[in-house]
Amino acid sequence: MSKRSSPLLLSVARMWLMSLTFRLYYRQRVPSFGPGLRHMLRYELGRLRHLLDNRDRLSYLRCLIQAIWGRR
Amino acid sequence: MSVRGLVRVPGFDELRAWLQPRFGSLRCVSFDVFDTLVSRCIEPPEDLQRRVATLLAERLGPTADPETILRLRMTVEAELRRRALSDGLDHECHFDPLVESWIERLVGHPHPELVDFVHRTEREIESHALAAKPGAGELLAWLRSQGIRVIAVSDMYLSHDHIAGLLDDCGLGSLVERLYVSSEFGLGKYSGRLHAKVLELEGLRPEEVVHVGDNFMSDMVAPVRLGMAGVFLDERKERLRRRHQSLSAEMARLGGVWKGRRFFEVIAQRMTGDPATGFFRRYGAEVLGPAFCTFTLGLEERLKAFRPDKVFFLARDGFIFQQMHRRWRQLNDPAGEDDSTYMYVSRRVVAIASVAGGLAWEQAIAAFYNPKQQGLLSVLKTYGLPPDEFTDLAAEHGFAEIREPIRDWRDPRLLAFLADERVQARIRPRGEEGRELLRRYFEQNGFFSARRVAFVDIGWNGTIQKFLNDSFGQRPDYPEVRGYYFAFVAAMHGDCGLGDKIEGLMYDARRGHAYERTPFDFEEIFEQGARSIEATTLGYREREGRVEPVLKGDDAPDRQEELLSNPMIEACQAGMMDHLKHFHAAVRLTGYGFDDLKPYVLALLERAVAYPTPEEVDNIGKLAHTEDFGHDHTLAIAGESVGYLDFLRPRRLVRKLRHKPWKFAAFASFGSIAPAWLFRLAYFYLLDRRRL
């Protein structure tokens with residue numbers, strides 16, 4: 001499978017950066033593609049939590065250790 | 001890795017390597033179904049139940065509340081599961097009694113028609129959501145070829161036939177010899193009782209079977225307890241993808257750009273199994289496809305409200321929109337009627353008709369918007385007037401050379417030329433002839449016999465709609481016409497005096513929303529992506545009692561260049577149609593509308609137009625862009641790139657970029673986004689001060 005990232009999926013940081021030019025120049029309070037700083041933070045923290053939370057593999061390791069311990 | 005049957009594999013390739021040496025003692029491989037053999041493009045799975053509840057609410061009428069309907073389903077399901085437990089079975093329930101009981105409580109009596117609707121809808125939604133995981137089919141086929149029995153075991157509330165149908169839809173049905181579903185037995189994998197039942201029904205000993213699945217407890221620990229080998233399919237990337245998509249679903253509830261982002265995550269996931277090949281097909285599928293499909297969705301919403309008798313897609317840039325409109329209707333209702341007509345019309349033919357009463361200065365200057373204008377020659381060509389017939393009168397008014405550009409739009413020579421009655425007397429008959437042919441062409445296509453007509457085109461100024469309105473709007477049988485455009489810039493004729501009868505869906509200058517402006521910053525790529533491959537319409541002629549269009553000949557130099565671009569355009573449009581298939585499924589899955597998707601699509605367009613990749617610039621630069629409004633030349637889309645040293649001479653840089661249709665392309669070669677970002681900011685400033 002190709003490792004090329006799809007242009008369909010923009011990172012939230014990129015969206016924020018792109019929307020910043022409009023915010024800085026036009027200063028309009030209209031519907032925009034800016035993700036919002038607070039929302040962006042919430043999303044990135046969620047992603048980080050998912051990256052760190054690997055409970056399935058931890059459960060597997062726990063069972064594995066128990067099995068090895070039982071074999072001794 | 002394996003200790004006493006505890007096996008973890010990170011993917012199908014590793015699973016195959018683990019299985020191969022065990023073929024001697026192995027008789028059967030049993031697979032979990034969901035997230036093992038097949039995966040969903042949308043998460044979390046509960047959202048699919050929410051979607052079914054929403055569609056059921058739509059069917060029941062405006063007073064039905066989807067949330068109440070969904071809660072009722074969950075209540076009934078919980079009751080059925082409790083009852084199964086009290087009957088000594090596992091915590092399982094079956095879809096058939098669930099739906100019957102749910103509908104009965106919802107409408108107060110048994111309703112077989114609604115029950116059937118829910119079954120069909122749930123099946124349709126799951127079918128849109130599911131796809132075989134890459135490599136799953138090949139793995140099953142390989143096992144079968146080695147003489148290993150392949151079965152599937154699923155903990156699922158859906159019926160056996162329902163899941164078998166879904167496996168068929170994913171192309172795996174014929175590769176699975178037998179399917180066991182927890183709902184049919186009231187026994188689950190997690191307790192080990194379903195695995196034990198399967199062993200009994202299959203007549204196999206535990207050591208002859210390997211079970212593979214993504215759930216650590218149900219697919220590894222439970223079978224291992226029975227003496228089977230349990231393989232934990234530990235695809236971390238896939239697990240993260242599912243979790244991220246669930247997070248996106250949470251964020252989508254906040255609205256704004258998040259709904260669109262979630263929507264296109266669904267499409268990106270669907271497209272991994274169907275990757276586009278070649279730059280232009282990919283560009284169509286991943287860049288222009290989202291924009292044009294979102295426009296199509298907006299168009300369908302508006303057509304549903306306006307209910308026109310006829311939908312006219314205007315040549316040439318309305319071509320792809322007609323293809324998408326037809327396909328969309330077909331996907332919604334394969335037996336539905338096609339209400340669309342492709343109209344061979346161009347700004348040029350309506351311009352000819354518009355001078356039936358003579359050529360006014362306001363009309364003449366339309367030719368000067370093109371930076372490559374050739375003065376009076378461009379004016380005459382814009383209105384289909386043969387230059388040879390006017391050279392003598394032009395010379396009398398001081399035009400030694402009629403192709404000399406006119407920079408002062410109020411040039412006294414031009415004003416005198418237009419005020420000359422002899423000039424107007426030569427123009428009017430041409431205009432009257434053009435107007436009569438145009439009227440007959442529209443009449444034979446049912447324009448004047450319709451009450452409501454919709455025009456669909458790329459935009460930009462609504463010239464065709466305006467000229468038609470100016471020419472025939474006074475007729476009593478002139479229909480109510482609404483123009484739906486990808487972008488409406490309102491530059492040449494303001495809003496054409498048409499108010500809400502004209503609308504730019506992605507961009508409408510009258511709204512004054514700066515964030516929408518991106519399509520206006522590089523119109524050419526949208527025109528190229530949307531256009532048909534035939535030549536532009538120069539006029540009409542009568543043949544055997546019918547009026548037919550006259551297209552520009554293939555021998556014209558600009559047409560020659562266009563012909564060379566056609567294969568690239570066709571590939572791009574094939575990509576867009578690929579995208580439409582996924583887009584339609586994603587709309588069915590999420591229920592999102594045009595307004596939900598537009599903010600994110602504007603971000604996608606901003607990325608594509610203002611921050612292109614070098615690959616995009618190289619390839620799009622190969623396209624020849626032609627003008628059909630009185631000019632026969634082509635426009636180079638992407639020019640030379642700029643370097644850091646150019647920033648030291650900003651005035652020269654501005655001059656260099658001034659006449660480039662795609663100014664941002666010049667910044668693609670930098671390794672960083674920063675120069676393009678700074679230029680975008682400067683661009684807004686220069687634009688406001690009319691320096692670009």
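Since this is a predicted model, take the numbers as computed values, not measurements. The basis for the numbers below is simple: all heavy atoms, side chains too, and nothing from hydrogens, waters or symmetry mates.
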> Chain B heavy atoms under 4.5 Å from Arg14(A): which part of the residue, side chain, backbone, both or neither?
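Side chain of Arg14(A) only, per the 4.5 Å heavy-atom cut-off to chain B.
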> Given heavy-atom pairs under 4.5 angstrom as the criterion, report whether the side chain, backbone, both or neither of Tyr685(B) touches chain A.
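Its backbone and side chain both get close to chain A.
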> Counting heavy-atom pairs under 4.5 Å to chain A, which of Ile673(B), Val287(B), Asp595(B), Thr613(B) comes out on top?
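Top option by heavy-atom pairs under 4.5 Å: Ile673(B).
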> Could you go through Phe684(B) and Leu24(A), starting from their C-alpha distance and side-chain angles, then the distance that decides it, and tell me whether this counts as side-chain contact (heavy atoms from CB on, under 4.5 Å)?
CA-CA 10 Å; Phe684(B) 295 148; Leu24(A) 290 174; over 6 Å; no
> Please report the interatomic distance CZ(Phe22(A)) to NE2(His513(B)), rounded to the nearest 0.5 Å.
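Result: 13.0 Å between the selected atoms.
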> Tell me, for Met18(A) versus chain B, whether the close heavy atoms (under 4.5 Å) come from the side chain, the backbone, both or neither.
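Answer is both: backbone and side chain atoms of Met18(A) are under 4.5 Å from chain B.
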> Using side-chain contact (heavy atoms from CB on, under 4.5 Å), reason through Tyr25(A) and Asp688(B) one step at a time and then give a plain yes or no.
CA-CA 10 Å; Tyr25(A) 190 77; Asp688(B) 262 4; 2.6 Å; yes
> Output the distance between atom CE (Met40(A)) and atom CE (Met251(B)), rounded to the nearest 0.5 Å.
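Met40(A) CE to Met251(B) CE: 10.5 Å, rounded to 0.5 Å.
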> With a 4.5 angstrom heavy-atom cut-off, could you sort out which part of Tyr43(A) is near chain B: side chain, backbone, both or neither?
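Looking at Tyr43(A), backbone and side chain both touch chain B.
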> Nearest 0.5 angstrom please: Arg607(B) CZ to Leu8(A) CG, how far?
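Answer rounded to 0.5 Å: 10.0 Å.
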> Would you call the rings of Trp258(B) and His39(A) parallel, tilted or perpendicular, taking 30° and 60° as the class edges?
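Judged by the thresholds at 30° and 60°, the geometry between Trp258(B) and His39(A) is perpendicular.
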> Less than 4.5 Å to any heavy atom of chain A: does that hold for the side chain of Tyr611(B), its backbone, both, or neither?
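It is both, since atoms from each part get that close.
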> Which bit of Leu604(B) is near chain A, if near means a heavy-atom gap under 4.5 Å: side chain, backbone, both or neither?
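Answer is both: backbone and side chain atoms of Leu604(B) are under 4.5 Å from chain A.
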> Picking from Glu606(B), Arg680(B), Glu265(B), which has the most non-hydrogen pairs under 4.5 angstrom with chain A?
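Counting heavy-atom pairs under 4.5 Å, the top option is Glu606(B).
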> Under 4.5 Å from any heavy atom of chain A, what part of Phe216(B) do you find: side chain, backbone, both or neither?
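Just the side chain, heavy atoms under 4.5 Å.
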> Considering only heavy atoms from C-beta outward, does the side chain of Leu10(A) approach that of Tyr600(B) to under 4.5 Å?
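Yes; the side chains approach each other to less than 4.5 Å.
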> Would you mind telling me which of Val601(B), Leu602(B), Asp234(B) has the largest number of heavy-atom pairs within less than 4.5 Å of chain A?
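So the answer, after comparing Val601(B), Leu602(B), Asp234(B), is Asp234(B).
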> Between Arg261(B) and Pro35(A) (side chain of the first, backbone of the second, donor and acceptor by atom type, cut-off under 3.5 Å), is there such a pair?
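Looks like no, no N/O pair under 3.5 Å.
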> Would you call the rings of Tyr515(B) and Phe33(A) parallel, tilted or perpendicular, taking 30° and 60° as the class edges?
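Perpendicular, since the angle between the ring planes exceeds 60°.
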> Is Arg239(B) in contact with chain A via its backbone, its side chain, both, or neither, using a 4.5 Å heavy-atom distance?
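For Arg239(B), the side chain is the part near chain A, not the backbone.
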> What heavy-atom pair brings Gln28(A) and Ala514(B) nearest, and what distance separates the two atoms?
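Here Gln28(A) and Ala514(B) meet closest at OE1-N, 2.8 Å.
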> I'd like to know which of Asp214(B), Leu247(B), Val221(B) tops the heavy-atom pair count under 4.5 Å against chain A.
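Maximum pair count with chain A is reached by Leu247(B).
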> Under 4.5 Å from any heavy atom of chain A, what part of Phe232(B) do you find: side chain, backbone, both or neither?
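For Phe232(B), side-chain heavy atoms alone lie under 4.5 Å from chain A.
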> Using modelled atom types only, decide if a donor and an acceptor are shared between the side chain of Arg236(B) and the backbone of Leu51(A) within a distance under 3.5 Å.
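Such a contact is found between Arg236(B) side chain and Leu51(A) backbone.
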> So for atom CZ, which belongs to Arg243(B), do other residues, nucleotides or ligands contribute more than 12 heavy atoms lying within a distance under 6.0 Å?
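Yes, because the 6.0 Å sphere around CZ of Arg243(B) holds more than 12 heavy atoms from other groups.
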> Heavy-atom distance under 4.5 Å between the side chains of Val30(A) and Arg511(B), does that happen here?
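A side-chain contact under 4.5 Å is absent here.
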> For Met271(B), which atoms come within 4.5 Å of any heavy atom of chain A: side chain, backbone, both, or neither?
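Contact with chain A: side chain only.
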> Does atom CZ of Arg38(A) have more than 12 heavy-atom neighbours from other groups under 6.0 Å away?
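Incorrect, the count does not exceed 12.
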